Chemist: 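Got a structure for you, written out below as C-alpha coordinates; questions coming shortly.
Worth saying up front: this structure is predicted, and the values here are computed from it rather than measured. Chain letters run A, B, ... following the sequence lines, proteins first and then strands; every chain starts at 1.
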2 protein chains.
Amino acid sequence: MSVVRSQGYDGASLAQLSKASGLGKSSLYHHFPEGKDDMVAAVLDHLETTLDATVFAPLRAPGPPATRIKRMNGSLLVFYREGREACLLASLGIGDSSRRFHPRVKQLFRRWIEAIAHALRDGGVPRGQAQLRAEEAIVRIEGSLVLARSLDDPAIFQRALKSLPELLAS
Amino acid sequence: MSVVRSQGYDGASLAQLSKASGLGKSSLYHHFPEGKDDMVAAVLDHLETTLDATVFAPLRAPGPPATRIKRMNGSLLVFYREGREACLLASLGIGDSSRRFHPRVKQLFRRWIEAIAHALRDGGVPRGQAQLRAEEAIVRIEGSLVLARSLDDPAIFQRALKSLPELLAS
DNA sequence: GTCTATAATAGGATAGAC
DNA sequence: GTCTATCCTATTATAGAC
(Lines give C-alpha, C1' and ligand atoms only; values in the text may rest on other atoms or scores of the structure.)
Protein backbone atom coordinates (compact mmCIF):
# COMPACT_ATOMS: atom_id res chain seq x y z
CA MET A 1 0.00 0.00 0.00
CA SER A 2 2.76 2.41 0.89
CA VAL A 3 4.44 1.81 -2.47
CA VAL A 4 1.29 2.29 -4.53
CA ARG A 5 0.12 5.40 -2.70
CA SER A 6 3.50 7.10 -3.06
CA GLN A 7 4.38 5.92 -6.57
CA GLY A 8 1.04 5.51 -8.32
CA TYR A 9 0.27 2.47 -10.44
CA ASP A 10 2.87 3.05 -13.14
CA GLY A 11 5.59 4.02 -10.71
CA ALA A 12 5.04 1.03 -8.45
CA SER A 13 7.48 -1.53 -9.86
CA LEU A 14 7.52 -5.21 -8.97
CA ALA A 15 11.01 -4.68 -7.58
CA GLN A 16 9.69 -2.08 -5.13
CA LEU A 17 6.67 -4.18 -4.21
CA SER A 18 8.95 -7.16 -3.66
CA LYS A 19 11.31 -5.23 -1.43
CA ALA A 20 8.52 -3.58 0.57
CA SER A 21 6.70 -6.86 1.13
CA GLY A 22 9.82 -8.89 1.80
CA LEU A 23 8.68 -11.47 -0.75
CA GLY A 24 10.46 -12.43 -3.95
CA LYS A 25 8.77 -11.61 -7.23
CA SER A 26 7.70 -15.21 -7.77
CA SER A 27 6.14 -15.36 -4.33
CA LEU A 28 4.12 -12.27 -5.17
CA TYR A 29 2.86 -14.00 -8.31
CA HIS A 30 1.96 -17.04 -6.24
CA HIS A 31 -0.34 -14.89 -4.11
CA PHE A 32 -1.50 -12.64 -6.93
CA PRO A 33 -1.72 -14.79 -10.10
CA GLU A 34 -3.03 -11.92 -12.25
CA GLY A 35 0.04 -9.85 -11.47
CA LYS A 36 0.21 -6.20 -10.57
CA ASP A 37 -3.49 -5.57 -11.09
CA ASP A 38 -4.23 -8.25 -8.52
CA MET A 39 -1.81 -6.70 -6.09
CA VAL A 40 -3.34 -3.26 -6.46
CA ALA A 41 -6.81 -4.77 -6.07
CA ALA A 42 -5.60 -6.27 -2.78
CA VAL A 43 -4.31 -2.86 -1.75
CA LEU A 44 -7.77 -1.44 -2.43
CA ASP A 45 -9.29 -4.27 -0.37
CA HIS A 46 -6.99 -3.35 2.45
CA LEU A 47 -7.82 0.33 2.14
CA GLU A 48 -11.51 -0.44 2.23
CA THR A 49 -11.13 -2.54 5.36
CA THR A 50 -9.09 0.19 7.02
CA LEU A 51 -11.55 2.94 6.07
CA ASP A 52 -14.48 0.84 7.25
CA ALA A 53 -12.93 0.28 10.65
CA THR A 54 -11.32 3.64 11.32
CA VAL A 55 -13.35 6.19 9.35
CA PHE A 56 -16.78 4.99 8.27
CA ALA A 57 -17.62 3.13 11.49
CA PRO A 58 -16.93 6.13 13.78
CA LEU A 59 -19.04 8.30 11.47
CA ARG A 60 -21.97 5.93 11.83
CA ALA A 61 -21.57 5.22 15.53
CA PRO A 62 -24.06 6.76 17.96
CA GLY A 63 -23.22 10.10 19.53
CA PRO A 64 -23.24 13.76 18.56
CA PRO A 65 -22.17 14.43 14.94
CA ALA A 66 -19.38 16.73 16.08
CA THR A 67 -17.86 13.89 18.08
CA ARG A 68 -18.07 11.53 15.13
CA ILE A 69 -16.33 14.01 12.85
CA LYS A 70 -13.57 14.45 15.40
CA ARG A 71 -13.09 10.69 15.56
CA MET A 72 -12.76 10.62 11.77
CA ASN A 73 -10.20 13.40 12.00
CA GLY A 74 -8.16 11.45 14.51
CA SER A 75 -8.04 8.46 12.19
CA LEU A 76 -7.15 10.60 9.17
CA LEU A 77 -4.34 12.29 11.05
CA VAL A 78 -2.77 8.89 11.65
CA PHE A 79 -3.56 7.46 8.23
CA TYR A 80 -2.08 10.40 6.32
CA ARG A 81 0.82 10.77 8.75
CA GLU A 82 -0.23 14.30 9.74
CA GLY A 83 -0.38 15.30 6.07
CA ARG A 84 2.90 13.89 4.84
CA GLU A 85 1.42 10.87 3.09
CA ALA A 86 -0.44 10.92 -0.24
CA CYS A 87 -3.97 9.63 -0.75
CA LEU A 88 -4.06 6.25 -2.45
CA LEU A 89 -7.35 7.07 -4.18
CA ALA A 90 -5.86 10.19 -5.70
CA SER A 91 -2.67 8.38 -6.77
CA LEU A 92 -4.76 5.74 -8.52
CA GLY A 93 -6.66 8.42 -10.41
CA ILE A 94 -3.68 9.06 -12.68
CA GLY A 95 -2.61 7.11 -15.75
CA ASP A 96 -4.25 4.52 -17.96
CA SER A 97 -4.57 2.08 -15.08
CA SER A 98 -6.99 4.52 -13.49
CA ARG A 99 -9.65 3.35 -15.91
CA ARG A 100 -9.45 -0.17 -14.49
CA PHE A 101 -9.65 0.93 -10.86
CA HIS A 102 -11.96 3.85 -11.40
CA PRO A 103 -15.15 2.03 -10.38
CA ARG A 104 -13.69 1.00 -7.03
CA VAL A 105 -12.16 4.41 -6.37
CA LYS A 106 -15.47 6.04 -7.19
CA GLN A 107 -17.37 3.71 -4.90
CA LEU A 108 -15.02 4.32 -1.99
CA PHE A 109 -15.36 8.07 -2.35
CA ARG A 110 -19.15 7.67 -2.51
CA ARG A 111 -19.21 5.55 0.61
CA TRP A 112 -17.04 8.08 2.44
CA ILE A 113 -19.27 10.97 1.40
CA GLU A 114 -22.36 9.00 2.36
CA ALA A 115 -20.92 8.22 5.81
CA ILE A 116 -20.26 11.90 6.47
CA ALA A 117 -23.65 12.93 5.11
CA HIS A 118 -25.27 10.33 7.35
CA ALA A 119 -23.69 11.90 10.44
CA LEU A 120 -24.83 15.34 9.31
CA ARG A 121 -28.42 14.21 8.77
CA ASP A 122 -28.39 12.76 12.29
CA GLY A 123 -27.43 16.27 13.39
CA GLY A 124 -30.45 17.74 11.65
CA VAL A 125 -28.91 18.90 8.40
CA PRO A 126 -31.32 18.45 5.49
CA ARG A 127 -30.47 15.74 2.96
CA GLY A 128 -29.30 17.96 0.07
CA GLN A 129 -27.22 20.18 2.31
CA ALA A 130 -25.66 17.17 4.01
CA GLN A 131 -24.55 15.74 0.66
CA LEU A 132 -23.01 19.01 -0.49
CA ARG A 133 -21.16 19.61 2.73
CA ALA A 134 -19.86 16.06 2.83
CA GLU A 135 -18.48 16.51 -0.68
CA GLU A 136 -16.91 19.79 0.39
CA ALA A 137 -15.25 17.98 3.31
CA ILE A 138 -13.61 15.46 0.97
CA VAL A 139 -12.58 18.29 -1.32
CA ARG A 140 -10.76 19.92 1.59
CA ILE A 141 -9.13 16.68 2.70
CA GLU A 142 -7.87 15.76 -0.77
CA GLY A 143 -6.88 19.28 -1.74
CA SER A 144 -5.04 19.91 1.49
CA LEU A 145 -3.07 16.69 1.04
CA VAL A 146 -1.99 17.78 -2.45
CA LEU A 147 -0.98 21.23 -1.28
CA ALA A 148 0.58 20.19 2.04
CA ARG A 149 2.84 17.76 0.23
CA SER A 150 3.67 20.17 -2.57
CA LEU A 151 4.63 22.93 -0.14
CA ASP A 152 6.21 20.64 2.49
CA ASP A 153 3.77 22.12 4.96
CA PRO A 154 1.69 19.49 6.78
CA ALA A 155 0.01 22.28 8.75
CA ILE A 156 -2.15 22.90 5.68
CA PHE A 157 -3.66 19.43 6.06
CA GLN A 158 -4.04 19.84 9.80
CA ARG A 159 -5.84 23.15 9.38
CA ALA A 160 -8.16 21.58 6.84
CA LEU A 161 -9.10 18.86 9.32
CA LYS A 162 -9.69 21.47 12.01
CA SER A 163 -12.03 23.34 9.68
CA LEU A 164 -14.28 20.32 9.22
CA PRO A 165 -16.29 20.38 12.48
CA GLU A 166 -17.41 23.93 11.71
CA LEU A 167 -18.17 23.18 8.06
CA LEU A 168 -20.19 20.17 9.08
CA ALA A 169 -21.99 21.66 12.08
CA SER A 170 -25.76 21.91 11.92
CA MET B 1 1.43 18.61 -21.53
CA SER B 2 -1.77 16.70 -22.02
CA VAL B 3 0.10 13.38 -21.79
CA VAL B 4 2.01 14.30 -18.63
CA ARG B 5 -0.96 15.75 -16.80
CA SER B 6 -3.14 12.71 -17.52
CA GLN B 7 -0.48 10.00 -17.14
CA GLY B 8 1.97 11.39 -14.60
CA TYR B 9 5.72 11.17 -15.11
CA ASP B 10 6.01 7.40 -14.97
CA GLY B 11 2.95 6.78 -17.09
CA ALA B 12 4.00 9.21 -19.80
CA SER B 13 5.91 6.98 -22.22
CA LEU B 14 8.11 8.19 -25.03
CA ALA B 15 5.74 6.43 -27.40
CA GLN B 16 2.80 8.52 -26.14
CA LEU B 17 4.82 11.73 -26.16
CA SER B 18 5.93 10.95 -29.69
CA LYS B 19 2.43 10.28 -30.88
CA ALA B 20 0.94 13.33 -29.15
CA SER B 21 3.62 15.66 -30.50
CA GLY B 22 3.70 14.16 -33.98
CA LEU B 23 7.48 13.82 -33.75
CA GLY B 24 9.50 10.60 -33.84
CA LYS B 25 11.42 9.64 -30.73
CA SER B 26 14.71 10.78 -32.21
CA SER B 27 13.28 14.16 -33.08
CA LEU B 28 12.17 14.54 -29.48
CA TYR B 29 15.72 13.79 -28.37
CA HIS B 30 17.01 16.39 -30.80
CA HIS B 31 14.91 19.04 -29.09
CA PHE B 32 15.33 17.64 -25.59
CA PRO B 33 18.85 16.18 -25.32
CA GLU B 34 18.45 15.23 -21.66
CA GLY B 35 15.46 13.05 -22.50
CA LYS B 36 12.20 12.79 -20.65
CA ASP B 37 13.26 15.06 -17.80
CA ASP B 38 13.93 17.78 -20.33
CA MET B 39 10.54 17.27 -21.92
CA VAL B 40 8.74 17.51 -18.59
CA ALA B 41 10.78 20.59 -17.72
CA ALA B 42 9.53 22.14 -20.97
CA VAL B 43 5.99 21.20 -20.02
CA LEU B 44 6.50 23.03 -16.72
CA ASP B 45 7.86 26.02 -18.65
CA HIS B 46 4.75 25.98 -20.77
CA LEU B 47 2.51 25.68 -17.71
CA GLU B 48 4.27 28.60 -16.08
CA THR B 49 3.82 30.76 -19.17
CA THR B 50 0.16 29.83 -19.36
CA LEU B 51 -0.48 30.49 -15.68
CA ASP B 52 1.35 33.80 -15.87
CA ALA B 53 -0.75 34.99 -18.77
CA THR B 54 -4.16 33.63 -17.84
CA VAL B 55 -4.20 33.33 -14.04
CA PHE B 56 -1.53 35.37 -12.29
CA ALA B 57 -1.77 38.43 -14.52
CA PRO B 58 -5.54 38.86 -14.07
CA LEU B 59 -5.08 38.48 -10.30
CA ARG B 60 -2.55 41.32 -10.27
CA ALA B 61 -4.36 43.56 -12.73
CA PRO B 62 -6.09 46.65 -11.40
CA GLY B 63 -9.74 46.45 -10.47
CA PRO B 64 -11.83 45.15 -7.60
CA PRO B 65 -10.54 41.88 -6.08
CA ALA B 66 -13.85 40.12 -6.76
CA THR B 67 -13.47 40.87 -10.47
CA ARG B 68 -9.92 39.55 -10.51
CA ILE B 69 -10.98 36.31 -8.82
CA LYS B 70 -13.73 35.86 -11.37
CA ARG B 71 -11.24 36.33 -14.20
CA MET B 72 -9.06 33.63 -12.64
CA ASN B 73 -12.10 31.36 -12.45
CA GLY B 74 -12.82 31.88 -16.11
CA SER B 75 -9.30 30.85 -17.04
CA LEU B 76 -9.39 27.82 -14.74
CA LEU B 77 -12.67 26.66 -16.18
CA VAL B 78 -11.07 26.54 -19.61
CA PHE B 79 -7.72 25.17 -18.48
CA TYR B 80 -9.25 22.28 -16.52
CA ARG B 81 -11.91 21.64 -19.15
CA GLU B 82 -14.73 22.41 -16.68
CA GLY B 83 -13.27 19.93 -14.20
CA ARG B 84 -12.60 16.99 -16.48
CA GLU B 85 -8.85 17.50 -16.75
CA ALA B 86 -6.30 16.69 -14.04
CA CYS B 87 -3.88 19.20 -12.55
CA LEU B 88 -0.36 18.81 -13.89
CA LEU B 89 1.16 19.95 -10.60
CA ALA B 90 -0.73 17.27 -8.71
CA SER B 91 0.17 14.58 -11.27
CA LEU B 92 3.85 15.46 -10.94
CA GLY B 93 3.62 15.12 -7.15
CA ILE B 94 3.50 11.34 -7.43
CA GLY B 95 6.39 8.92 -7.85
CA ASP B 96 10.13 9.19 -7.51
CA SER B 97 10.34 11.77 -10.28
CA SER B 98 8.41 14.11 -8.02
CA ARG B 99 11.58 14.71 -6.06
CA ARG B 100 13.25 16.15 -9.14
CA PHE B 101 10.38 18.47 -10.03
CA HIS B 102 9.30 19.25 -6.52
CA PRO B 103 11.12 22.61 -6.32
CA ARG B 104 9.40 23.91 -9.43
CA VAL B 105 6.00 22.56 -8.43
CA LYS B 106 6.39 24.14 -5.03
CA GLN B 107 7.40 27.45 -6.50
CA LEU B 108 4.44 27.52 -8.89
CA PHE B 109 2.01 26.82 -6.07
CA ARG B 110 3.68 29.56 -4.01
CA ARG B 111 3.39 32.06 -6.84
CA TRP B 112 -0.26 31.15 -7.34
CA ILE B 113 -1.01 31.58 -3.65
CA GLU B 114 0.90 34.84 -3.56
CA ALA B 115 -1.04 36.19 -6.55
CA ILE B 116 -4.35 35.44 -4.86
CA ALA B 117 -3.16 36.84 -1.53
CA HIS B 118 -2.05 39.98 -3.35
CA ALA B 119 -5.54 40.54 -4.71
CA LEU B 120 -7.02 40.00 -1.24
CA ARG B 121 -4.67 42.47 0.39
CA ASP B 122 -5.68 45.01 -2.23
CA GLY B 123 -9.22 44.36 -1.03
CA GLY B 124 -8.27 45.19 2.53
CA VAL B 125 -7.72 41.70 3.92
CA PRO B 126 -4.85 41.65 6.44
CA ARG B 127 -1.66 39.90 5.36
CA GLY B 128 -1.97 36.74 7.49
CA GLN B 129 -5.63 36.24 6.63
CA ALA B 130 -4.94 36.78 2.94
CA GLN B 131 -2.28 34.06 2.95
CA LEU B 132 -4.51 31.55 4.72
CA ARG B 133 -7.49 32.19 2.49
CA ALA B 134 -5.39 31.98 -0.65
CA GLU B 135 -4.10 28.58 0.49
CA GLU B 136 -7.67 27.51 1.19
CA ALA B 137 -8.63 28.54 -2.35
CA ILE B 138 -5.94 26.30 -3.86
CA VAL B 139 -7.02 23.50 -1.53
CA ARG B 140 -10.54 23.76 -2.93
CA ILE B 141 -9.37 23.91 -6.53
CA GLU B 142 -7.06 20.90 -6.24
CA GLY B 143 -9.38 18.85 -4.06
CA SER B 144 -12.38 19.49 -6.26
CA LEU B 145 -10.42 18.36 -9.31
CA VAL B 146 -9.52 15.08 -7.60
CA LEU B 147 -13.08 14.46 -6.49
CA ALA B 148 -14.80 15.66 -9.66
CA ARG B 149 -12.70 13.31 -11.75
CA SER B 150 -13.10 10.40 -9.34
CA LEU B 151 -16.88 10.76 -9.25
CA ASP B 152 -17.28 11.74 -12.92
CA ASP B 153 -19.01 14.87 -11.68
CA PRO B 154 -17.46 18.08 -13.04
CA ALA B 155 -20.11 20.07 -11.16
CA ILE B 156 -18.03 19.53 -8.01
CA PHE B 157 -15.21 21.54 -9.56
CA GLN B 158 -17.57 24.18 -10.84
CA ARG B 159 -19.17 24.61 -7.41
CA ALA B 160 -15.71 24.95 -5.87
CA LEU B 161 -14.89 27.78 -8.26
CA LYS B 162 -18.20 29.48 -7.49
CA SER B 163 -17.40 29.31 -3.78
CA LEU B 164 -14.16 31.25 -4.19
CA PRO B 165 -15.45 34.82 -4.51
CA GLU B 166 -17.22 34.48 -1.17
CA LEU B 167 -14.26 32.80 0.54
CA LEU B 168 -11.98 35.52 -0.72
CA ALA B 169 -14.24 38.50 -0.12
CA SER B 170 -13.06 41.12 2.35
C1' DG C 1 5.08 -20.98 -0.27
C1' DT C 2 9.53 -19.37 -1.38
C1' DC C 3 13.44 -19.21 -4.08
C1' DT C 4 16.89 -18.81 -8.44
C1' DA C 5 16.95 -18.47 -13.10
C1' DT C 6 15.09 -16.99 -17.25
C1' DA C 7 12.21 -15.51 -20.53
C1' DA C 8 9.62 -11.73 -23.08
C1' DT C 9 8.60 -7.14 -23.73
C1' DA C 10 8.32 -2.34 -23.20
C1' DG C 11 10.68 1.75 -22.29
C1' DG C 12 14.37 5.18 -22.53
C1' DA C 13 18.02 6.49 -25.26
C1' DT C 14 21.58 6.63 -29.32
C1' DA C 15 23.74 6.22 -34.22
C1' DG C 16 23.80 7.60 -38.51
C1' DA C 17 21.44 8.34 -43.09
C1' DC C 18 18.86 11.84 -45.35
C1' DG D 1 15.33 18.65 -38.05
C1' DT D 2 13.42 14.27 -39.02
C1' DC D 3 13.58 9.52 -39.88
C1' DT D 4 14.80 4.19 -39.55
C1' DA D 5 17.22 1.07 -37.17
C1' DT D 6 19.30 -0.39 -33.12
C1' DC D 7 20.89 -0.78 -28.32
C1' DC D 8 20.46 -1.37 -23.44
C1' DT D 9 18.17 -1.64 -19.39
C1' DA D 10 14.19 -2.15 -16.40
C1' DT D 11 9.98 -4.34 -15.94
C1' DT D 12 6.46 -7.72 -16.03
C1' DA D 13 5.87 -12.33 -15.93
C1' DT D 14 6.93 -17.55 -15.96
C1' DA D 15 9.39 -22.18 -15.15
C1' DG D 16 10.88 -25.30 -12.19
C1' DA D 17 13.79 -26.71 -8.05
C1' DC D 18 13.34 -26.99 -3.11
Chemist: With a 4.5 Å heavy-atom cut-off, do A:Gln7 and A:Gln16 have their side chains touching?
Modeler: yes
Chemist: Take atom CZ of A:Phe32 and atom C1' of D:dA13, then tell me their distance rounded to the nearest Å.
Modeler: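 Rounded to the whole Å, the gap is 15 Å.
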Chemist: What is the separation between atom NE2 on B:His30 and atom C1' on D:dG1, rounded to the nearest whole Å?
Modeler: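 After rounding, the reported distance stands at 5 Å.
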Chemist: When you measure from the side-chain N and O atoms of B:Tyr29 to the phosphate of C:dA13, is any distance below 4.0 Å, counting only OP1 and OP2?
Modeler: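 Result: yes.
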Chemist: Are A:Ser26 and C:dC3 close enough that a side-chain N or O sits under 4.0 Å from OP1 or OP2?
Modeler: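 Answer is no, no contact under 4.0 Å.
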Chemist: Could you tell me the separation between the CG atom of A:Asp10 and the C1' atom of D:dT11, rounded to a whole number of Å?
Modeler: 12 Å
Chemist: For the CZ atom of A:Arg140 and the CG atom of A:Leu164, what is their distance to the nearest 0.5 Å?
Modeler: 7.0 Å
Chemist: Could you check whether B:Arg5 makes a cation-pi contact with B:Phe79, meaning its NZ or CZ is under 6.0 Å from the centre of the six-membered ring and within 45° of the ring axis?
Modeler: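 Geometry flag: set, cation within 6.0 Å and 45°.
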Chemist: With a 4.0 Å cut-off on heavy atoms, is A:Lys36 in touch with a base, just the backbone sugar-phosphate, or nothing at all?
Modeler: sugar-phosphate
Chemist: Using a cut-off of less than 4.0 Å, is there contact between a side-chain N or O of A:His31 and OP1 or OP2 of C:dT2?
Modeler: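 Checking C:dT2 against A:His31, a side-chain N or O does come within under 4.0 Å of OP1 or OP2.
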Chemist: When all nucleic acid strands are considered with a 4.0 Å heavy-atom cut-off, which category describes A:Ser13: base, sugar-phosphate, or nothing?
Modeler: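 Counting heavy atoms under 4.0 Å across all strands, the contact made by A:Ser13 is with sugar-phosphate only.
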Chemist: Would you mind reading off the distance between B:Leu14 atom CG and C:dA13 atom C1', rounded to a whole angstrom?
Modeler: 8 Å
Chemist: Expressed in angstrom and rounded to an integer, what is the separation of B:Gln7 atom CD from C:dG11 atom P?
Modeler: 11 Å
Chemist: Verify, without hydrogens or angle tests, whether A:Arg71 (side chain) and A:Thr54 (backbone) share a donor-acceptor contact under 3.5 angstrom.
Modeler: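 It does not hold such a pair.
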Chemist: Can you measure B:Lys25 atom NZ to C:dG16 atom C1' for me and round it to whole angstrom units?
Modeler: 17 Å
Chemist: Grab the CG-P distance between B:Leu28 and C:dG11 for me, whole Å please.
Modeler: 15 Å
Chemist: Round to a whole Å and report the spacing from CE of A:Met39 to P of D:dT12.
Modeler: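 Whole-Å distance recorded here is 9 Å.
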